[in-house]
Amino acid sequence: MIEMNRRRFIGTTAATAAAISWNNPLFAAAGADGDGPWDLVAVRNGESVAMYEAGIAALGGIGAFVKKGQHVVIKPNIAWDQPPEIPANTNPDLIGAIVRDCLQAGASKVTVFDHTCHKWQRAYKTSGIAKAVTDAGGVMAPANLEQQYRAVELPKAKTLKKALIHKEMLDADVFINVPVLKHHGGAKLSLTMKNLMGVVWDRRFFHKNGLDQCIADMCFAPRQPDLNIIDAYRILRKNGPQGRAEEDGEITKYQMLGTDMVALDASAAKLFGMKPEELGYVKIAAQMGAGKADLSKLNIKRITLKA
Amino acid sequence: MSTRSYRRLRIALGGLVLGFCLLAFADVGDWVPAIAARAGLWLQLTPSLIAITQGVGWISAGCIAVLLLTLVCGRIYCAMLCPLGILMDLSAWIARRTGRKRKLPYRPGHPWIRTLAVVVCALGLILGSAVPLGLLDPYSIFGKIISATVRPALGWLNQTISLTGAIQPVDVSPVAWTSIGVALGLLAVVVIAAMLRGRLWCNTLCPVGAVLGFFSRFSIFRLQISADACVACSLCEQSCPAQCIDFKNHRIDHSRCIMCLDCVTSCRRNGIHLTSNRGSVGQKHPASPPVVVAAAMESTTTRHQPAPLLPTNRRLFLASALSLPTLAMAKSKHDDADENGRCHGPNRLTQHNKKAVLPPGAQSLAHFQSHCTACQLCVTHCPDQVLRPSITQHGLSGFLQPYQDFTTSFCSYNCSNCSEICPTGAIQTITVEERRLIRTGTAELFLDRCVVKTEGTSCGACSEHCPTQAVHMVPWKGGLTLPEMDPDLCIGCGGCEFICPVRPDKAIIVTGLPVHERATAIERGEENTVRKMEEEFPF
């Protein structure tokens, strides 16, 4: 067996990524896009897993984020007791693919959790995520008890100065945030920043003390996502964030990957047909310097898969 | 069958019944599915009797089987099918093992107490409350004790161990101190009585004991002391937990005999036998006071036909009269709210003074109160742990009957577990599809308390939790959205009230309906729409 050290690992992953993307007919021409590194990678016109594979390759492969022996924690949106056809939760196929990818990259353990709104056992099951994760070799962690959370301070935040945050996230070597793009009655859209509400014990604090400000404050939590992936394969157009019928869902076939949550949320707003500044938390987070909401200033890689 | 193997059977079956009932009522991990719970509790007399009137088909056959069994062999039910009776035997056994000598001499029965117990239960049912029955019926007492003590203890244990990652944590509703107090009080009475006086409870306060005692007087097989064999050693009398053997007169009070057959084993001269009653009717057997018979008959007739003896309105009125204190507190919300939902005065609607919400399937407060013995099986098995024993929420005539507590949880749109498990039919069996159309309560918005209006910040938590979008967000000023109600769609699940962040009084409150209604079905499009790919990326 070839001994893997860090240098060789990075070299191999980079080579693999290059080999995959070089002249690969799977990917359309980069068009106007320049060279990497990319602030944001957007993929469209494929199934969830294919879009993930193309997107993560453009970011240098999962190996750019996950090193051998690391504990990876994935935070999808699993808030509701709804089937995948009503996209209130992240696509289970996508989560399964990420888990598998992380384990292949040498992760010692991949844990998936969400502080659900509906009963967690039901939400985990109905969403299809529990099965996808365990089939891929990952572990579902519960988030239903206060003792599973730890008090942390957010000194740079404006309102959410203190919060109880789930220990799995705080103690993770790698933290991947995977929301689904959906309509939200109060916050208008639920995206990467909003998805981080699911790592906090007291979600009522957000609603009571200025939802947009508290969501933006999560950009200053002591543990930040190392990678964010917005699942926009099937998005919830209305009656969000829970959805009530399949007609609320729209098959859009997009996926956005990156590290800047503000930029990602801004791009998702545009995909939904809104201006980024219409989202209160995007506006606030950009003002607070958490990221860039002006997409024109970003180096975006746009990939359209051949149908 | 030899008496020794009968004793083994009694202990084995009794252990099974006790174990199963323990498991069913302490179930924190969904170990016992609804159908298994119903099957395992099939022979429990009281729920099965009540189920007869509810058309819960095969469940009600259980009580007929028990009555037939009693007519053939006496109160075998009390010896090995009653979980509380077995708990008493166990307590007495432990007491004996730990040094207390059991020498229980013959005592005459207390027919007037038995009558009174049955009359109280019957009166309760007539007046529309099954609560008195629930506080005396052994099955319901057992359920109350276990669900209020063992269940929270198991929940705490599970959650403590789960923090190590060894097991998955479960959700258990917060401790209800009043119900724990009642449970411990009942447990103390039952255990102490059993330690001191054996099956005293069964032959004084237990309505099931009174009814079965009535039937066992006519049973085909019964114990007889053979005068020829008897040397008046008194061993049989001392061994009888029911204190119903009068050895001096060679008499056994068959209405109190629980068929444990301990006396048969105790007799060194084989002088006590199970003999057929046929042809020996009129032989000397104890003159049971006619009042017991009358009482038992009364109780059986009332239980066989608990169909309203009075018009529902009057029953409701009488039942409500028992709950005057609560009614006085819960003043109608309409008295002090104007058309904008603004509340004035000290009595405005809060989550504390509203009418409590019944489980879906309970049909109406009158139906629920007159059929629920508050055994707490649904409370134990509610996946959302929204059902909790009421204290005064339903009035005193509904003491410990479950209500939906939206301070800790809310009722799932995709669940009908309580209705599938209820053994009495107090909660009628419904499907999940039916549940989605049952309105158990109505949500009411108090926009002057809403955080969007008072703080000018976005929220939407209520609408977020509304499965039918009866509460939905509509555009308001400054890019904010404000909740709006479509009452026709509301099913009263309580999600909105549960999550509303406003304190001390929430801005949306679900108040229970005394008679459940049918909600408008939402039109559910069955397909996702598909977006055509744009020429360019939208960003």
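- In this structure, OG in B:Ser162 is found 7.5 Å from CG in A:Asn144, a value given to the nearest 0.5 Å.
- One distance of note links CE of A:Met140 with CD of B:Gln168; it measures 9.5 Å at 0.5 Å rounding.
- No other option in A:Leu298, A:Thr252, A:Leu295 has as many heavy-atom pairs under 4.5 Å with chain B as A:Thr252.
- More than 12 heavy-atom neighbours from other residues, nucleotides or ligands sit within 6.0 angstrom of CD on A:Gln147.
- For B:Ile499, the parts sitting under 4.5 Å from any heavy atom of chain A are the backbone and the side chain alike.
- The candidate with the highest count of non-hydrogen atom pairs below 4.5 Å against chain A, out of B:Pro483, B:Gly495, B:Pro169, is B:Pro169.
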| said: Between B:Thr457 and A:Leu211, does the side chain to side chain contact (heavy atoms under 4.5 Å, CB included) criterion hold? Intermediate values first, please. | reply: CA-CA 7 Å; B:Thr457 55; A:Leu211 185 61; 5.9 Å; no
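- Side-chain contact check for B:Val451 versus A:His207: every heavy-atom pair is 4.5 Å or farther apart.
- Rounded to the nearest 0.5 angstrom, B:Met473 CE and A:His183 NE2 are separated by 9.0 Å.
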Evaluate side chain to side chain contact (heavy atoms under 4.5 Å, CB included) for B:Ser412 paired with A:Lys119, printing each intermediate quantity in order.
CA-CA 8 Å; B:Ser412 170; A:Lys119 270 297 153 219; over 6 Å; no
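- The contact between B:Val170 and chain A is made entirely by backbone atoms, counting heavy-atom distances below 4.5 Å.
- In this pair, A:His118 and B:Phe410 present their aromatic rings tilted. The plane angle is within the 30 to 60° band.
- Crowding of B:Arg518 atom CZ: a count of heavy atoms from other residues, nucleotides or ligands under 6.0 Å not exceeding 12.
- The candidate from A:Arg204, A:Lys270, A:Gln82 with the greatest count of non-hydrogen atom pairs under 4.5 Å with chain B is A:Arg204.
- For B:Trp156, the CH2 atom is loosely surrounded, since the number of other residues' heavy atoms within 6.0 Å does not exceed 12.
- Separation of atoms CD (A:Gln121) and CG (B:Asp30) is listed at 8.5 Å; rounding is to 0.5 Å.
- Neither side chain, A:Gln242 nor B:His465, offers a donor N or O lying under 3.5 Å from an acceptor on the other.
- For the set A:Ser190, A:Gly186, A:Gly273, A:Ala141, the entry with the most heavy-atom pairs within less than 4.5 Å of chain B is A:Gly186.
- In the model, B:Asn414 has no side-chain atom that pairs as donor or acceptor with a side-chain atom of A:Arg122 under 3.5 Å.
- Of the residues considered (B:Glu455, B:Glu523, B:Gln469), B:Gln469 shows the highest number of contacts with chain A, using heavy-atom pairs under 4.5 Å.
- If you measure heavy-atom distances from A:Leu145 to chain B, the contacts under 4.5 Å come from the side chain alone.
- Summarising the geometry, atom CG belonging to B:Leu480 is positioned 6.5 Å from atom NZ belonging to A:Lys188; distances are rounded to the nearest 0.5 Å.
- Residue-level contacts of residues 529-539 of chain B with chain A, in order of numbering, are B:Thr529, B:Val530, B:Arg531, B:Met533, B:Glu534, B:Glu535, B:Glu536, B:Phe537, B:Pro538, B:Phe539; threshold 4.5 Å between heavy atoms.
- Interatomic distance, B:Ser458 OG to A:Tyr281 OH, rounded to the nearest 0.5 Å: 9.5 Å.
- When atom types are taken as modelled, the side chain of B:Asn528 and the backbone of A:Arg234 share no donor-acceptor pair closer than 3.5 angstrom.
- With a 4.5 angstrom heavy-atom cutoff, B:Glu464 touches chain A via backbone and side-chain atoms both.
- In this structure, A:Lys167 places its NZ atom where more than 12 heavy-atom neighbours from other residues, nucleotides or ligands lie under 6.0 Å away.
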Residue pair A:Arg244, B:Ile522: steps toward the side chain to side chain contact (heavy atoms under 4.5 Å, CB included) verdict = CA-CA 9 Å; A:Arg244 60 174 194 180; B:Ile522 53 171; 3.3 Å; yes
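- Residue contact with chain B, scored on non-hydrogen atoms closer than 4.5 Å, is absent for A:Phe206.
- With chain B as the partner, the residue from A:Ala187, A:Ala79, A:Gly210, A:Ser267 showing the most heavy-atom pairs under 4.5 Å is A:Ser267.
- By number of non-hydrogen pairs under 4.5 angstrom with chain A, the leading residue of B:Pro467, B:Cys462, B:Gly165 is B:Pro467.
- Of the listed residues (A:His184, A:Glu85, A:Lys253), the one with the most heavy-atom contacts under 4.5 Å to chain B is A:His184.
- Heavy-atom distances place the backbone of B:Glu526, and not its side chain, under 4.5 Å from chain A.
- In terms of non-hydrogen atom pairs under 4.5 Å with chain B, the most contact-rich of A:Ile251, A:Asp212, A:Leu40, A:Ile235 is A:Ile251.
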